[in-house]
Amino acid sequence: MKKSGFQLNEIKIEHVLELMNIYLSEWIDRNDSMWSLVFRYFYVALIVLFLPNVANFIGITLPQFPLILFPIIAAILSLYFLYVTVGYAKRLEAIGKTYQKLIDLLPKELQRFSLLDPEIKYGKYFHARMGAKLCCLMFGVLIVLSIVMICYYSLG
């Protein structure tokens, strides 16, 4: 049985650059979608968390739900949103790794410098992918705030 596929020496630089353009546009689109969702989800959970306080401050009467219900819902939303946004961040990371493989197919003189390159001062400190970490931090803050508000409502 003959193995089908392409030979690396058959690929022209133009084809690699076309593929890189396709993956870059996909990366840009997914990056924009991810951050749009992250902030939208963050604000929704934050609004749910502090809705009783804001309603009380501006004089709006909410239906008679137990106040402890709002931070519980906010914590559940935060966990769900964390799962969704980290999934988006991992998809973004996969596209980035594929893009890097394409860069590695280019001749050395056409490849970009890596932040790990010793010529870039302090670059190694900024090499980490921050998408998933920042999502975890944002929604972790919401979960901690939800726990604090649950304690506040249960004690008060």
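Positions are given from 1, in the same order as the sequence printed here. Owing to the predicted nature of the structure, the values given are computational and were not obtained by experimental measurement. Quick note: numbers below take in every heavy atom, side chains included, and nothing from hydrogens, waters or symmetry partners.
- For Glu119, the side-chain contact (heavy atoms from CB on, under 4.5 Å) partners at least two apart in sequence or on another chain are Phe113, Asp117.
- By the side-chain hydrogen bond (donor to acceptor under 3.5 Å, both in side chains) test, Gln100 is found to be paired with Asp104, Arg112, residues two or more places apart in sequence or in another chain being considered.
- Between Met20 atom CE and Leu110 atom CG the span is 9.0 Å, to the nearest 0.5 Å.
- With sequence neighbours excluded, no residue satisfies salt bridge (charged side-chain N to carboxylate O under 4.0 Å, His left out) with Lys108.
- Annotation: salt bridge (charged side-chain N to carboxylate O under 4.0 Å, His left out) contacts involving residues 28-39, sequence neighbours excluded, comprise Glu26-Arg30.
- Shortest non-hydrogen contact noted between Leu82 and Cys135 is CD1-O, 3.7 Å.
- Scanning all heavy atoms of the two residues, the minimum distance from Leu62 to Pro52 falls at CD1-CA, 3.9 Å.
- Annotation: side-chain hydrogen bond (donor to acceptor under 3.5 Å, both in side chains) contacts of Asn31 (sequence neighbours excluded): Trp35.
- Between Ile28 atom CD1 and Leu92 atom CG the span is 10.5 Å, to the nearest 0.5 Å.
- Distance CG/Leu19 to CG/Leu24: 12.5 Å, rounded to 0.5 Å.
- Taking all atoms of both residues into account, the shortest heavy-atom contact from Gln111 to Leu106 is NE2-O, 2.9 Å.
- Taking Tyr99 as the reference, nothing meets the ring-ring contact (aromatic ring centres under 6.0 Å, His included) condition, with sequence neighbours excluded.
- Contacts of Lys90 classified as side-chain hydrogen bond (donor to acceptor under 3.5 Å, both in side chains), with partners at least two apart in sequence or in another chain: Glu93.
- By the neighbour-count criterion of 12 heavy atoms within 6.0 Å, atom CD of Glu109 is densely surrounded, having more than that number from other residues, nucleotides or ligands.
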Return all side-chain donor-acceptor pairs below 3.5 angstrom for residues 137-156, not counting sequence neighbours, or 'none' if the list is empty.
residue : atom : partner : partner atom : Å
Ser146  : OG   : Leu142  : O            : 2.8
Tyr153  : OH   : Asn53   : OD1          : 2.9
Ser154  : OG   : Ile150  : O            : 3.0
Ser154  : OG   : Cys151  : O            : 3.1

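- Here the CG-CD1 distance, from Leu51 to Ile73, works out to 10.0 Å after rounding to the nearest 0.5 Å.
- In this structure, Tyr23 has no ring-ring contact (aromatic ring centres under 6.0 Å, His included) partners at least two apart in sequence or on a different chain.
- Identified under the ring pair (Phe, Tyr, Trp, His ring centres under 6.0 Å) test for residues 68-91, with sequence neighbours left out: Tyr41-Phe81.
- Residues passing the side-chain contact (heavy atoms from CB on, under 4.5 Å) test with Lys101: none are found, sequence neighbours excluded.
- Partners of Ser33 under the side-chain hydrogen bond (donor to acceptor under 3.5 Å, both in side chains) rule, at least two apart in sequence or in another chain, do not exist in this structure.
- If you chain together hydrophobic residues whose side chains sit under 4.5 Å apart, Ile68 and Leu79 never meet in one group.
- Cluster membership check: Ile22 does not share its hydrophobic cluster with Leu102, using side-chain heavy-atom separations under 4.5 Å among Ile, Leu, Val, Met, Phe, Trp and Tyr.
- Nearest heavy-atom pair across Ala132 and Ala89 is N-CB, 3.5 Å.
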